[in-house]
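One structure below.
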Amino acid sequence: MQKLIAGNWKMNFGGSDAEVLALKLKEKITSPRCGICVCPPFTAIAAVSRVLKDTKIAIGAQNIAWADSGAFTGEVSADMLKTAGATFAIVGHSERRTYFGESDETVGKRALKALEKGITPIICVGETLSQRKDGVTEAVLKAQLEGAFLSIDKNGALNLVVAYEPVWAIGTGVTATAEEAHNTICFIRKWLIAKYGAASKILYGGSMNASNARELLSKDIDGGLIGGVSLKPDEFSEIVKIADSF
Ligand code: PGA
């Protein structure tokens, strides 16, 4: 399966600095073979997509509304995102779940709307450190997957992306070992195959960098969702090169 390297800029680079970063990526990533997507803040999506027009770098949003329009203060609709140039949307990132009350149910609704509108959702799932220590990782992931995929049919399930992001590895510098990531991703893949007969791309996310990417990507992992390092064009493009080598 072709690897996908996705950058989650989080709440950084939302103005003209985003265009500068996009320009650097454009210069450094010239003829990638893997899929690439960068997810700037909403305010920079249109500008970044103008800079990256005619490149192989796609643009994603960091969230997407489940409604089409109307009284949903603070939300951004799929049509608005498409107009701005986004073709991907991160859904259910652990920071949304932790700080903004995102639930398994709302993650499912957002993912469904994205698919309906032709935007590829990147559905994030992952356990906290205490859940891992308590030995409930698989139960937690199962509940997150059941919520996210509640109304998604087979066609949708094969046209989206899942990102396994252990919460304890996000932004901490502590990466899951390649073995841990591999085992948990195998569990997710089996869950998808049991429900749909096949599995989508499954990425790993959580302190991925140019030093650990090769080992992680060699373990039957279809790509990475990269936070901190996605703001560093040299290192991000290095990861793209590593992904291209598979
Ligand atoms: P990180 O973030 O690479 O900074 O750990 C990953 C993410 O939150 O998607």
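Start at 1 and go down the list; that is how both ligands and their atoms are numbered.
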Remaining members of the apolar cluster that contains Phe72, side-chain heavy atoms under 4.5 Å: none
For residues 155-162, dump all side-chain donor-acceptor pairs below 3.5 Å to protein atoms at least two apart in sequence or in another chain.
| unit_1 | atom_1 | unit_2 | atom_2 | d |
| --- | --- | --- | --- | --- |
| Asn155 | OD1 | Asn159 | ND2 | 3.3 |
| Asn159 | ND2 | Asn155 | O | 2.7 |

Atom pair CD1 (Ile59) and NZ (Lys53), whose distance is rounded to the nearest 0.5 Å: 12.0 Å
message: So if I only count non-hydrogen atoms and take anything under 4.0 Å from ligand 1, which residues does that give, chain by chain?
response: Asn8, Lys10, His93, Glu165, Ala169, Ile170, Gly171, Gly206, Ser207, Leu225, Ile226, Gly227, Gly228
statement: Excluding Tyr99, membership of its hydrophobic cluster (Ile, Leu, Val, Met, Phe, Trp, Tyr; side-chain heavy atoms within less than 4.5 Å) reads Phe100
message: On a heavy-atom basis, which atom in His182 and which in Ile221 lie closest, and how many Å separate them?
response: N-CD1, 4.2 Å
field: CD1 on Ile64 to OG on Ser77, rounded to 0.5 Å
entry: 8.0 Å
